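Take a look at the structure set out below.
Model, not experiment: these values are computed from the prediction. Throughout, protein chains are lettered first and strands after them, A, B, ... in sequence-line order, and every chain is numbered starting at 1.
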Protein chains: 2
Amino acid sequence: MIELTQRDQIVLEAIITDYIETGEPVGSRTISKRSVMNVSPATIRNVMADLEEMGLLHQPHTSAGRVPTVKGLRLYLDSIMRSRQLGGSEKESIRDALLTRPQDITELLRGTSKMLSQYCRQAGVVLWPKQSIASFKHIEFLRRGPFDIMVILISRAGLIHQTHIESKEEITQAELDKYSLYINELLRNVPLSMVKQRLREEMESEKALFDRLFSRALQMANRAIQYAIEDSEIYIEGQTNLLDNPEFAHVEQMRRILQAFEDKSKMVRLLDEALKASTGIQIVLGTEGELLQEWEEMSLVSAPFRRGDTPLGILGVIGPLRMDYSRIIPIVEFTAQLLSHMLEIADEA
Amino acid sequence: MIELTQRDQIVLEAIITDYIETGEPVGSRTISKRSVMNVSPATIRNVMADLEEMGLLHQPHTSAGRVPTVKGLRLYLDSIMRSRQLGGSEKESIRDALLTRPQDITELLRGTSKMLSQYCRQAGVVLWPKQSIASFKHIEFLRRGPFDIMVILISRAGLIHQTHIESKEEITQAELDKYSLYINELLRNVPLSMVKQRLREEMESEKALFDRLFSRALQMANRAIQYAIEDSEIYIEGQTNLLDNPEFAHVEQMRRILQAFEDKSKMVRLLDEALKASTGIQIVLGTEGELLQEWEEMSLVSAPFRRGDTPLGILGVIGPLRMDYSRIIPIVEFTAQLLSHMLEIADEA
DNA sequence: GGTAGCACTCGACTTCAAAGAGTGCTAAAG
DNA sequence: CTTTAGCACTCTTTGAAGTCGAGTGCTACC
């Protein structure tokens, strides 16, 4: 563990704050003027040299100022930064931005992502693994062809999932209607976590053993639900905000980054890991975690949203390493709380 | 109308072809060498001067070659260009790319968009106004709250539409189930174009007049369908391909263009107009149509896909003015045919 | 009408010098 | 022992000047 004197910390913080603001390497003179304690640039230079030796700062070239390294940022985030409190009016306007999009849950999640991107001026992201379809509401089997069945699954919160399954034997819509009726009755108000178990029980019951029709219905429901919970939705909004960051002025770089966004499955994997790992706010910097190689200069601030203690999904902000963390962190945190709350309401209705 | 001699046409074509290939202003020397007819650069210069006077060419500065203007491109597209035939193997691989994504119709449309973007190395786009939910398959009313009803509408092709409506009176799920049953029975296999009429007839029938329950069901179905057909889905894929075009090397420009993509409602309007206007392949160049202001340097190649004579939606490619039209046009055309065909099959199932 | 020749224009690239920001080191002061 | 002032040094940025080359327009000639 690294030992820093009080003054080291102050200087590091000042450098990072300034760097976050301007994006330019910052020199000793600037810090000397700006900082509260009155010390000369020369003194600051000594401190800087120390910090550089510790690997917290980096000098692009001999005659330039210093830039924080990933290690420096990490230290800053973990033990120096005090994140700003959100003002009441800020909270208010975030809340408004979310509540004016009540339509359905898909809209809500996309809206959240968009809101995050606008408030943080970076890309916003929301991941919603469907296994968290919190509780079962309705299932519907529709015949598309003699062996082709479309299954529509709806959660109480209003999320729709659509799958296809194949039947081994020909089947009529009338039969399927019976299936729907039966399964809906069976699962009424069963939380999704229990659904699979409930189905299994029923499959082993006498009724199913002796009635082929019911048995098939149960199997189908089982398969459909299996598919459903393996799926995830991801909403990435405001990517173009990233273009405003001067560090991405080079088209080459920009393209690499935007292309990474296009491969959603990678993004899903990334966020899924974050979701599993985290209990609260989490920050992944550039090369630190196993962010994609394309992302060296990027950073992710995320927080899970949850029902009670079970995490439902994760939301966050993606931007360059140089972001205003002290502002973004509380926003992400607050949004996660807010969304948790809203989903709770939606699900209770 | 502009009169061009044979030679004018050949020169114009040569310039445009070369410009499309290289992206650089093209000089008289180049044309002289490349063109079939053996004439000296000086002669070409004379022709060029004429073409410039007609507003078909433009000279960035005195000592540069010529670049086609929008007017020049238009003329080329309308009366000079011969679009290349697609080879059998190309057709084959396009077909494969589409057919390997059979899952559901949403996937099919998104896949089409992606395929277009990959084959043309530009952004691909597919617009699907829901009014073309070709024929009604299933409706489901679900209670979300005492006055809040979620309506799910499914077309035979498997497209799902979700809306909310509010009820004036409290309502139970049991009632809603009856509604669903009734409406589904009523509309079984009615093409969507007839649905509204069918509903109206029924509303005026005796049965509805005397049964409040039926009457409310009809009203709800009516409203839900109204919402549904006003909605559109749009799929834009491969935007990052645009970054490869050297003409967008400036970040400023790039941002403007990508930002325009983010406002989907604008894109919908744009394509919707194209859809209404067109019967076949259609090309909108930069400022010509009422493309958005942000799009001066962009161009859209589109073609509607249809069932019989009614257009269902539109697909196309968006890229810079400088695109390889002779290749892209047949691809778009062929894809539209192919998709029309596939939807026909899906809907008959 | 077509072509060769030629002077001219203008952007792209290179070179060079000057300016400016910032450092590291040393020596003196607290 | 820590802090500071001073100074030489390094490296990037900026701008001016100069050269190069592509391409043109014009004129005279075939």
Residue pair Asn245(A) / Gln122(A), side-chain donor-acceptor N/O under 3.5 Å: yes

Arg7(B), nearest nucleotide to its side chain (from dT24(D), dG2(C), dG24(C)): dG2(C)

Any Thr43(A) side-chain nitrogen or oxygen under 4.0 Å from OP1 or OP2 of dT4(D): yes

Distance-only side-chain donor-acceptor flag, Glu262(A) / Thr240(B), under 3.5 Å: yes

side-chain contact (heavy atoms from CB on, under 4.5 Å) involving Ser302(B) - partner list, sequence neighbours excluded: Ala274(B), Gln282(B), Leu300(B), Ile314(B)

Intermediate values then yes/no, salt bridge (Lys or Arg N to Asp or Glu O under 4.0 Å), Arg82(B) and Glu13(B): CA-CA 10 Å; Arg82(B) 310 165 291 281; Glu13(B) 186 188 4; 3.1 Å; yes

Side-chain donor-acceptor contact under 3.5 Å, Ser299(A) with Tyr325(A): yes

Audit row: Tyr119(B), Ser93(B), side-chain hydrogen bond (donor to acceptor under 3.5 Å, both in side chains) steps and yes/no: CA-CA 10 Å; Tyr119(B) 274 73; Ser93(B) 70; 2.9 Å; yes

Touch class at under 4.0 angstrom, heavy-atom based, for Ala64(B) against every strand present: sugar-phosphate

Leu57(A) CG - dG22(C) C1' separation (whole Å): 14 Å

Interatomic distance, Asn38(A) CG vs dA5(D) P [rounded to whole Å]: 11 Å

Note: Glu90(B)-Arg327(B) ion pair, threshold 4.0 Å (strictly below): yes

Atom pair distance, as rounded to whole Å: CD in Glu24(A) and P in dA21(C): 12 Å

Whole-Å gap separating C1' (dT24(D)) and CD (Glu52(B)): 10 Å

Positions of residues 9-17 of chain A (non-hydrogen atom under 4.0 Å from DNA chain C), listed by number: none

Whole-Å gap separating C1' (dT26(C)) and CZ (Arg45(A)): 12 Å

Nearest-Å distance for atom pair CD1/P, residues Ile44(A) and dT23(C): 10 Å

No-hydrogen, no-angle side-chain donor-acceptor test under 3.5 Å, Ser326(B) and Arg84(B): no

Side-chain ion pair, Glu297(A) and Arg256(A), N-O less than 4.0 Å: yes

Give every pair of a protein N or O atom and an N or O atom of nucleotides 9-13 of chain C that lie under 3.5 Å apart, one pair per line with the distance.
residue: dT9(C); atom: O2; partner: Ser63(B); partner atom: OG; Å: 3.4
residue: dC10(C); atom: O4'; partner: Ser63(B); partner atom: OG; Å: 3.3
residue: dC10(C); atom: O2; partner: Ser63(B); partner atom: OG; Å: 3.0

Whole-Å distance separating the CD atom of Gln59(B) from the P atom of dG23(D): 11 Å

Below 4.0 Å: OP1/OP2 of dT4(D) and any side-chain N or O of Arg29(A): no

Rounded distance in Å - CE (Met48(A)) to P (dT23(C)): 5 Å

